[in-house]
Number of protein chains: 2
Amino acid sequence: MYLKTNFIEKLRNSGLRPTKQRLKICDVLFNTDKTFHFTINDLSKIIREKVSEKISLATIYNTIHAFEKKGYLKEIAINSSQTYFDTNTSIHHHFFDEKERKLIDLENDEVEPIKIKKIIPGKKIKSVEVLVRVVSKN
Amino acid sequence: MYLKTNFIEKLRNSGLRPTKQRLKICDVLFNTDKTFHFTINDLSKIIREKVSEKISLATIYNTIHAFEKKGYLKEIAINSSQTYFDTNTSIHHHFFDEKERKLIDLENDEVEPIKIKKIIPGKKIKSVEVLVRVVSKN
DNA sequence: TAATCACTTTATAATTATTCTAAACTATAG
DNA sequence: CTATAGTTTAGAATAATTATAAAGTGATTA
Ligand SMILES: [Mn+2]
Ligand SMILES: [Mn+2]
Ligand SMILES: [Zn+2]
Ligand SMILES: [Zn+2]
């Protein structure tokens with residue numbers, strides 16, 4: 001559990017002004033012990049339901065991208081019509097449930113180390129991500 | 001090297017009528033010894049340059065989706081504004097060059113077998129794909 | 001061969017996620 | 001408090017993709 005004052009400091013320390021809107025979004029995203037995955041659409045729905053004052057869609061986009069740039073959120077690579085974000089910023093992998101269109105974390109220690117035998121001259125690896133698509137049994 | 005007649009048969013055997021447009025797209029996609037990755041935008045550019053008669057964008061989309069459904073193309077999961085397709089339909093992985101926005105194949109035997117230690121109750125694995133993001137060295 | 005019909009192509013409109021714009025607002029340094 | 005840079009906002013713009021519906025074509029049948 002974080003406190004509002006913590007978010008204010010966190011934002012200030014990142015060079016982001018702690019506005020009403022950003023604090024509210026912090027509350028929705030980070031004031032929980034569980035990390036989670038969301039789309040902008042999910043988030044605006046949560047905000048619409050939970051928050052008294054409306055936050056404009058442009059602000060939601062701006063804020064999420066600001067938080068991503070500061071490393072408080074990760075963008076997850078799923079080819080889908082919508083971009084997914086993750087409040088879990090550790091190096092980890094994902095299951096993607098094709099039916100539910102939901103991501104499920106697959107922690108780094110739940111996958112044997114991935115050994116890549118090919119190299120690309122002049123390039124270095126920035127990240128290695130596994131995406132496991134799952135469907136209902138039978 | 002395929003011949004046009006091969007494509008005609010291939011399409012007929014798939015229940016797709018061998019139209020002028022589909023044969024031309026087959027020629028662009030499959031009449032080569034190397035497989036490759038493309039976006040719809042790439043493909044329409046190639047067609048615009050190489051093909052005498054214009055093929056409408058709607059037909060390009062229709063055809064690519066028809067080919068994908070028949071298993072002649074794979075859709076590649078990159079979070080990007082555009083969908084990537086692959087004429088290499090084998091089980092394999094990818095490098096993604098962030099600067100060039102280009103995919104590079106990483107064949108299955110170039111990655112040590114991936115062992116996933118977590119299971120999702122009631123779900124079975126459909127595919128396991130590794131995406132290695134690369135950037136320029138130094 | 002000719003008629004028929006389901007399949008296909010096409011121009012164009014619609015949809016939708018995301019980004020842009022520019023004016024109003026606000027946090028904060030001085 | 002004042003000035004200023006940063007932020008929010010409604011609404012417009014952009015762009016990939018999908019839908020529509022009319023015209024065209026391939027294949028089947030008589
Ligand atoms: Mn982003
Ligand atoms: Mn598709
Ligand atoms: Zn995650
Ligand atoms: Zn490939």
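By convention in this document, chain letters (A, B, ...) are assigned in the order of the sequence lines, proteins followed by strands, and residues within each chain are numbered from 1.
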Find the distance [X]:[atom1] to [N]:[atom2] and express it as a whole number of Å.
X: B:Ile55; N: C:dT10; atom1: CD1; atom2: C1'; result: 12 Å
X: A:Leu57; N: D:dA13; atom1: CG; atom2: P; result: 17 Å
X: B:Asn41; N: D:dT18; atom1: CG; atom2: C1'; result: 17 Å
X: B:Ile8; N: D:dA27; atom1: CD1; atom2: C1'; result: 14 Å
X: A:Arg22; N: D:dT7; atom1: CZ; atom2: C1'; result: 6 Å
X: B:Gln21; N: C:dA11; atom1: CD; atom2: P; result: 10 Å
X: A:Tyr84; N: C:dT18; atom1: OH; atom2: P; result: 11 Å
X: A:Leu23; N: D:dG6; atom1: CG; atom2: C1'; result: 15 Å

(request) Test side-chain contact (heavy atoms from CB on, under 4.5 Å) on A:Leu29 and A:Phe85 and set out the steps. (result) CA-CA 10 Å; A:Leu29 294 181; A:Phe85 293 92; over 6 Å; no
(request) Using atom types as modelled and distance alone, determine if a side-chain donor or acceptor of A:Thr32 lies under 3.5 Å from a backbone N or O of A:Lys34. (result)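 Present.
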So what does [X] hit on the nucleic acid, given a heavy-atom distance under 4.0 Å: a base, only sugar-phosphate, or nothing?
X: A:Ser81; answer: sugar-phosphate
X: B:Thr19; answer: sugar-phosphate
X: B:Asn62; answer: base

Could you check which of [options] has an atom nearest any side-chain atom of [X]?
X: B:Tyr61; options: C:dT28, D:dT18, D:dT7; value: D:dT18
X: B:Ala58; options: D:dT9, C:dT8, D:dA19; value: D:dA19
X: B:Ile40; options: D:dT17, C:dT18, D:dT9; value: D:dT17
X: B:Arg12; options: D:dA16, D:dA5, D:dA27; value: D:dA27
X: A:Arg17; options: D:dT8, D:dT7, D:dA27; value: D:dT7

(message) Tell me whether the rings of A:Phe30 and A:Phe7 are parallel (<30°), tilted (30 to 60°) or perpendicular (>60°).
(response)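 Aromatic pair A:Phe30/A:Phe7 classed tilted.
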(message) With nearest nucleotide decided by heavy atoms, which residue, A:Thr63 or B:Pro18, maps closer to the 5′ end of DNA chain D?
(response)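 That would be A:Thr63.
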(message) Between B:His65 and D:dT17, is there a contact of a side-chain N or O with OP1 or OP2 at under 4.0 Å?
(response)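 The answer is no; no side-chain N or O of B:His65 sits under 4.0 Å from OP1 or OP2.
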(request) Would you indicate, yes or no, if D:dT8 has its OP1 or OP2 atom less than 4.0 angstrom from a side-chain nitrogen or oxygen of A:Lys20? (result)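 It does not, given that no N or O in the side chain of A:Lys20 lies less than 4.0 Å from OP1 or OP2 of D:dT8.
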(message) So that I can tick it off, tell me whether A:Glu110 and B:Lys117 are bridged by a salt bridge, with the cut-off set at under 4.0 angstrom between side-chain N and carboxylate O.
(response)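 Looking at B:Lys117 and A:Glu110, the cut-off is not met.
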(request) Can you establish whether the number of heavy atoms outside B:Lys69 located under 6.0 Å from its atom NZ is more than 12? (result)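 Result for NZ/B:Lys69: open.
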